[in-house]
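Written below as structure tokens is the structure these notes are about.
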Amino acid sequence: MSETIKNARLMPRIFFDRRPQIVARQLLGKLLVRREDNGPLVAGRIVETEAYLGADDAAAHSAAGRTQRTAVIFGPSGHAYVYFTYGMHYCMNVSCEPEGRAGCVLLRALEPIAGIGQMARNRKMQIPRSARNDNAASLDERTLRLLCAGPARLCQALGIDRPRDNGKDLLTPDSDLQLWDDGYPVKKIVATTRVGITKSADLPLRFYISGSAYISRK
DNA sequence: ACTCCGATTGAA
DNA sequence: TCAATCGGAGTC
């Protein structure tokens, strides 16, 4: 049975009008929610993030200045910056800081919470019949982890891509992609260097919930 | 117009 | 360990 989401509310804009280092840490434990017209609610709890700074961060896409591709990073906070990479994958960020200043947080891993069956279908995974009714318990731990452990995997699981979602406001009641806060308590956070970059690779800007079984890598 | 390469993933 | 696969950004 899927975990029930209770007492969750849409996150406030002001939460994201801060430095990416702060937002990346505070975003752990929050929920990323996809609301389809036809289909179940699909949601995951954020367990791993990375901060990309506006200045002094050569690894950030915004480092070279504002372009058509990176415009969202310089725009108002709480919007989705979705980019296409390696010719086949999408990754999703949440813009930070007030409009005019660059900064964003990459979502690297989610713990599947709702719409497990839909996630598996979106990921084109071979699943038992019992999982088609969003029965998380019917999936083994390994399969469950593969749904959203990685920035491109979580996008695929929630049907997130650039044409559909880039620039989307994640904080309005009518949006089909939202960020919720259900008060989940994050006990301990681990900070490490970021994954898969070569420039500014020494900065400790990757964060994850200590002990989570759903992070992309140790 | 041409080249280089990447905030990844899944298979070998 | 390595191929897949292509758009963005810089160079010619």
Side-chain angles (χ1 to χ4, degrees), chain A residues 16 19-25 27-28 32 44 46-75 77 79-97 102-112 119-127 139-168 170 177 190-209 213-218:
Chain A
F16 299 90
R19 288 151 53 201
Q21 305 95 302
I22 304 299
V23 176
R25 293 183 70 101
L27 210 42
L28 294 175
L32 179 63
I46 299 169
V47 298
E48 178 184 348
T49 59
E50 283 179 357
Y52 285 86
L53 315 184
D56 302 319
D57 183 6
H61 290 172
S62 56
R66 182 177 188 143
T67 64
Q68 187 165 22
R69 178 200 189 200
T70 62
V72 178
I73 306 176
F74 292 82
S77 70
H79 288 63
Y81 165 55
V82 182
Y83 69 91
F84 183 62
T85 191
Y86 289 103
M88 64 188 85
H89 298 301
Y90 293 101
C91 296
M92 176 188 163
N93 298 256
V94 182
S95 62
C96 300
E97 308 244 37
C104 61
V105 172
L106 173 70
L107 304 184
R108 282 200 58 91
L110 310 176
E111 172 184 348
M119 286 184 182
R121 283 191 292 278
N122 291 344
R123 293 268 293 125
K124 299 178 172 59
M125 300 178 79
Q126 199 63 25
I127 55 173
L139 295 182
D140 59 70
E141 191 65 22
R142 174 177 176 71
T143 303
L144 200 55
R145 196 191 81 84
L146 285 175
L147 289 175
C148 300
R153 284 175 177 155
L154 74 86
C155 281
Q156 192 178 22
L158 273 67
I160 297 167
D161 64 31
R162 190 161 112 98
R164 180 182 183 186
D165 300 304
N166 187 51
K168 185 170 288 180
L170 303 167
L177 191 59
V190 178
T192 72
T193 54
R194 293 173 292 182
V195 176
I197 58 170
T198 53
K199 305 172 206 166
S200 300
D202 54 332
L203 303 177
L205 295 177
R206 172 180 177 241
F207 307 96
Y208 62 86
I209 296 178
Y214 298 95
I215 62 174
S216 65
R217 51 190 298 182
K218 292 290 186 182

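Numbers restart at 1 for each chain; the letters A, B, ... are given by sequence-line order, proteins then strands.
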Nucleotide forming a Watson-Crick or wobble pair with C:dG8, both distances under 3.5 Å: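 WC or wobble partner is B:dC4.
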Upstream residue (5' side of DNA chain B) when A:P151 and A:G87 are each assigned their closest nucleotide: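 Going by which nucleotide is closer to the 5' end, it is A:G87.
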Residue closer to the 5' end of DNA chain B, A:G196 versus A:Q156 (nearest nucleotide):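 Checking each residue's closest nucleotide, the 5'-ward one belongs to A:G196.
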Donor-acceptor contact present, side-chain A:E50 to main-chain A:V195, <3.5 Å: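 Yes; at least one donor-acceptor contact below 3.5 Å.
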Donor-acceptor contact present, side-chain A:R108 to main-chain A:E48, <3.5 Å: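 No: the side chain of A:R108 does not pair with the backbone of A:E48.
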Bounds of contact between DNA chain B and chain A, in 5' to 3' order, using a heavy-atom cut-off under 4.0 Å: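 Going 5' to 3' along DNA chain B, contacts run B:dG6 to B:dG10.
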Where A:S95 and A:V72 come nearest, the two heavy atoms and their spacing: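 Closest approach of A:S95 to A:V72: CB-O, 3.8 Å.
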Just checking [X]: base, sugar-phosphate only, or nothing, at a heavy-atom cut-off of under 4.0 Å?
X      : result
A:A59  : base
A:R206 : nothing
A:R217 : nothing
A:S216 : nothing

N/O (side chain, A:R69) to phosphate O (OP1/OP2, C:dC6) under 4.0 Å: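 No, A:R69 has no side-chain N/O under 4.0 Å of OP1/OP2 on C:dC6.
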P-based separation of C:dT5 from B:dC2 [nearest Å]: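 So the two P atoms sit 22 Å from each other.
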Polar side chain donor-acceptor pair, A:Y214 to A:E141, under 3.5 angstrom: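 Per modelled atom types, A:Y214 and A:E141 side chains form a pair under 3.5 Å.
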Euclidean distance, atom NE2 of residue A:H61 to atom P of C:dA9 [Å, nearest integer]: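 Nearest whole value for this atom pair: 9 Å.
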Rounded distance in Å - CG (A:D161) to P (C:dG7):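 It is 14 Å, rounded to the nearest whole Å.
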Short N-O contact, A:K168 and A:D165, less than 4.0 angstrom: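 Yes, A:K168 and A:D165 are salt-bridged.
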Sequence-distant partners of A:D57, salt bridge (Lys or Arg N to Asp or Glu O under 4.0 Å), two or more places apart: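 Salt bridge (Lys or Arg N to Asp or Glu O under 4.0 Å) check on A:D57 returns A:R194.
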